[in-house]
Amino acid sequence: MKAQMKRLGFGYDWSREVTTCLPDYYKWNQWFFLKLYERDLAYRKKSKVNWCPKCATVLANEQVVNNGHCWRHEDTLVEQRELEQWFVRTTKYADELLRDLDRLPGWPEKVRTMQRNWIGRSEGTLVDFRLDSAAGEAITVFTTRVDTIFGATSVQLAPEHPITQKLADADAGLRVRVDQLIAEQSKAKERGDIGEIEKHGVNTGNFAMNPYNGERVPIWVANYILMDYGTGAIMSVPAHDERDYEFAKKYGIEIRQVIVPSDGSDRNVRPAQSDGLPFTTLDGKLINSGEFTRLSCEEAIKQMSAFAEQRGVGKATVTFRLKDWGISRQRYWGTPIPMLYCEKDGIVPVPEKDLPVILPDNVDITLTGGSPLGRVAEYLNARCPKCGGPAKRETDTMDTFVDSSWYFYRYTDAHNNHAPFDSKIAQYWFGDRGIDQYIGGVEHAILHLLYSRFWTKFMRDLGLIKNDEPVERLFTQGMVIKSGAKMSKSLGNVVSPDEMVAYFGADAARLYSLFAAPPDRDLDWQETGIEGIRRFLGRVYAFFSQVPVESAANAPGYSVGDLTPNARAVLRKLHQTIARISEDFKGRWHFNTSVAALMELLNTCTAAPELFRAGDDAAPAAFCAHVQRTFVLLLAPFAPYLAHELWETIGEKENLLKAPWPKFDPELAKEEEIEIPVQVNGKLRGKIVVAPGTPEEEIFAKALADPNVQSFIAGKQIVKKIYTGKLVSIVVR
RNA sequence: GCCGGGAUGGCGGAAUUGGCAGACGCGCUGGACUUAGGAUCCAGUGCCGAAAGGCGUGCAGGUUCAAGUCCUGUUCCCGGCACCA
């Protein structure tokens, strides 16, 4: 990989290379982990986790893609397993991660939207529905539409909800039904089609009280209620929620309308006209809602949340879709999590001075199931740093996204033995706004980019850095598609550039990949067309071989005024090309047009062979040398090998990489005469050629005199004449 | 269902700000050179038409002297999210 990059002539500073699987890097992962743990940002909990059978390890939520498939193995369904795992409290930063998206104008809107959706902030109200049972227990529901609560005609629980479980424990019949619902949900989750399964549920026969009107409503358990969102319990308002409506229709639960359109129309007022229900927009006002009747929805939400708080039956709240980041992996390759389990002292962190916890090298990684590290006795058995007694090491390793969450800071100070990096050095490179320009595939829009944003905020709070965000400007490359499938390391259908480099050369491979499509677009990789690139490079080489070798430095000067029209045309094209390529480098990065511009420049040069022919004095040697030299400089970023060779050919002694980028001279780029298209009634009818700055009247006169234009205006009345500086438009009737 | 992005010749793509649609390259056609051509060079190449001219940027409308570009509606493709309460 490294050799490939070098062969392709990429200019990386390899002295800053970091290798995340070596202890001098992962030591700092462990150090960060201890800091997370100290700050209660890392914790252990038992929970349902995503398990990829092919990876034989756990995956974070973000790493489950495409309806429940593994992000590494898109053909493999992820299973749900109950495991004790380490989590990082990304949710603690949920608000900030969401808010700061608005401060990233240099990010594609697409990525920001994806992150916003992923974080999924939702404002709502928690309301307690007290159970009939003596203990004063209550079901807490989460709703974004507390204004509809007078229309609540049942409470719906997730099958896994603790109260469901409690009710089921007391009712064997219910237990059977509930277990069915759980099985069904987890299957659907594995298949990834939860959301498409038909809504159904079971009435528990119990009741809970709506604190707003004292009404007792039946408690149901339903398969469309998810335990891991909100509180796992909802109030069901069939008149104003589509899902509740569907459910109520099916089971004959009462549908009670409490919102009507605020425009005064009577649509949807009578429940008998049930076609119009559910009415779900916020643009309405309340009816049948006690003291809140007649309020607008928005006002009602405010007042009714406040009401809940005053009565101690609920409060306004915010929930997130974002979950904590599960970082435990049952794999060998990864950073060992620096934790110990002591019989006496429980969970004990490895002291900082004992870092790094080194990954043992005598591990049999061919076995599957469970953490490989658990099978290495020398690794597993340790001493408790507190009591000195026997302790077991944590055998899970960290998600590799931990490595990539901060590696770019390590680049600033890659060989630091005392800290992940020196704050001052990081500050020098990153300033307050982070990486000037980051490049990556869209596939990392929520994984890597969310984790590294979190990590940056965490490091800022540790006092290591000052910037709030890791990346100021983000550019998302398109994916490379190969016969219909995206090309990626994990899919293993990567086209190696080696063959292309061997056959056509590194320059051709570089130019080809740039020329094929702009970088933000997906590229369907097919190798037709590289011949054209090779031809182009051959023509460049030929162009330089036929020209007299003359160093620009040695040649006497020349005056632009003395140049032949052809030579001036070349000079003009040269400067237009400088402008175009410089523009492409400024952030648009459409290098496909840069390459096209170089081709055009060469075409212009070779179209005037007399200028560059040995023994022909159609142009001064200094002019030729200037054109050649500039051409090489423009070519260099794209085809560095050929450029270096040509640089020597033309007698340059200085290092090409140190030569300044050519300067654009707008005077030299300016056309001496411009061609102006003439339209009659919006259709192109002729073209006139004038000098720049020709007055408008003269242009119109010339335009009207054009014979073809004449034939279209003859006998008609001119209604309007427009000259924009680029084009003449004549309207006749 | 919701949120993004896209659709331009036979193909990849260009048109950066409402101003000549198709730059540049591939492919194709014809020609030159050649023992040879899968090398190189020259010419042509959006569609219809002999020409004049007409038509043409997914589809249907609209605004404008002028629309690939702006507005309304719509179809299809790609990506993301999804019983999110």
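Bear in mind that the values here come from a model prediction, so they are computed numbers and not experimental data. In what follows, every chain begins at residue 1, and chains take the letters A, B, ... in the order their sequences are listed. The figures here come from the full heavy-atom set of this structure, side chains too, leaving out hydrogens, waters and symmetry mates.
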Just jot down the side chain to side chain contact (heavy atoms under 4.5 Å, CB included) partners of A517(A), sequence neighbours excluded, or say none.
->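 Listed in chain order: L523(A).
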Under the side chain to side chain contact (heavy atoms under 4.5 Å, CB included) rule, collect the residues that match up with A300(A), sequence neighbours excluded.
->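 Applying side chain to side chain contact (heavy atoms under 4.5 Å, CB included) to A300(A) gives D147(A), L286(A), L295(A), M304(A).
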Any base atoms under 4.0 Å from [X], or only sugar-phosphate, or nothing? Heavy atoms, all strands.
X	result
N603(A)	sugar-phosphate
L598(A)	nothing
R539(A)	sugar-phosphate
T144(A)	sugar-phosphate
I533(A)	nothing
T724(A)	base
R535(A)	sugar-phosphate
E123(A)	nothing

Using the [atom1] atom as the point on both nucleotides, what is the distance between [M] and [N], in whole Å?
N	M	atom1	answer
rA14(B)	rG22(B)	C1'	7 Å
rC48(B)	rG56(B)	P	15 Å
rG73(B)	rU63(B)	C1'	15 Å
rG10(B)	rC59(B)	P	13 Å
rG30(B)	rG68(B)	C1'	33 Å
rU45(B)	rA52(B)	P	14 Å
rU69(B)	rA15(B)	P	16 Å
rA66(B)	rG49(B)	C1'	26 Å

When syn is taken as a glycosidic angle within 90 degrees of 0, is rG9(B) syn or anti?
->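 Syn, since the glycosidic angle lies within 90° of 0.
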With no angle test and no hydrogens, is the base of rC65(B) tied to the side chain of K720(A) by a donor-acceptor pair under 3.5 Å?
->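 Not at all, since no donor on one side and acceptor on the other fall under 3.5 Å apart.
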base_contact_polar (rC3(B) base, K110(A) side chain, donor-acceptor, <3.5 Å) |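 Side chain to base: no pair present.
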Which whole-number value in Å describes the distance from [X] [atom1] to [N] [atom2]?
X	N	atom1	atom2	answer
N61(A)	rG80(B)	CG	C1'	16 Å
N681(A)	rG19(B)	CG	C1'	16 Å
D241(A)	rG1(B)	CG	P	18 Å

With a 3.5 Å cut-off and sequence neighbours excluded, list the donor-acceptor pairs that the side chains of residues 680-687 of chain A form with protein atoms.
residue, atom, partner, partner atom, Å
N681(A), OD1, V732(A), N, 2.9
N681(A), ND2, V732(A), O, 3.4

For [X], enumerate each residue passing the salt bridge (Lys or Arg N to Asp or Glu O under 4.0 Å) test, keeping only those at least two apart in sequence or located in another chain.
X	answer
R510(A)	none
K48(A)	E160(A)
K586(A)	E583(A)
E246(A)	K199(A)

Its dot-bracket string being built from Watson-Crick and G-U pairs below 3.5 Å, with | for another strand and [ ] for crossing, RNA chain B has the pattern (((((((..(((......[....)))((((((.......))))))(((....)))..(((((..]....))))))))))))....
Report the distance from atom CG of L157(A) to atom CD1 of I234(A), rounding to the nearest 0.5 Å.
->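 One finds 9.5 Å between CG of L157(A) and CD1 of I234(A).
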Partner of K573(A) under side chain to side chain contact (heavy atoms under 4.5 Å, CB included), chosen from I578(A), L602(A), N603(A), L601(A) =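 Among the candidates, only L601(A) passes.
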Protein heavy-atom contacts under 4.0 Å, written 5' to 3' over nucleotides 10-18 of chain B as B (base), S (sugar-phosphate only) or - (none), form the string --BSSSS--
For each nucleotide in nucleotides 49-56 of chain B, reading 5' to 3', give B when a protein heavy atom comes within less than 4.0 Å of its base, S when such contact involves only the sugar-phosphate, and - otherwise.
-> ----SSS-
With sequence neighbours left out, write down each residue that passes side chain to side chain donor-acceptor pair (under 3.5 Å) with R572(A), or none if nothing qualifies.
->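 Result, side chain to side chain donor-acceptor pair (under 3.5 Å) vs R572(A): E671(A), E672(A).
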State which of rG25(B), rA85(B), rG80(B) makes the closest approach to the side chain of Y229(A).
->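 Among the listed nucleotides, the one closest to the side chain of Y229(A) is rA85(B).
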From rC84(B), rC83(B), rC65(B), pick the nucleotide closest to the side chain of Y224(A)?
->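 Nucleotide nearest to Y224(A)'s side chain: rC83(B).
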Mind listing the closest non-hydrogen atom pair of G201(A) and F247(A) along with its distance?
->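 G201(A) and F247(A) have their closest heavy atoms at N-CE1, 3.7 Å.
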Indicate the ring-plane relationship of F591(A) and F638(A), choosing parallel, tilted or perpendicular according to the 30° and 60° boundaries.
->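 Ring orientation, 0 to 90° scale: perpendicular.
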Among residues two or more places apart or on two chains, list those pairs meeting salt bridge (charged side-chain N to carboxylate O under 4.0 Å, His left out) that have a residue in residues 105-121 of chain A.
->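 As it turns out, the salt bridge (charged side-chain N to carboxylate O under 4.0 Å, His left out) pairs with a partner in residues 105-121 of chain A, which skip direct neighbours, are D95(A)-R121(A), D102(A)-R116(A), E109(A)-R112(A), E109(A)-R116(A), R121(A)-E123(A).
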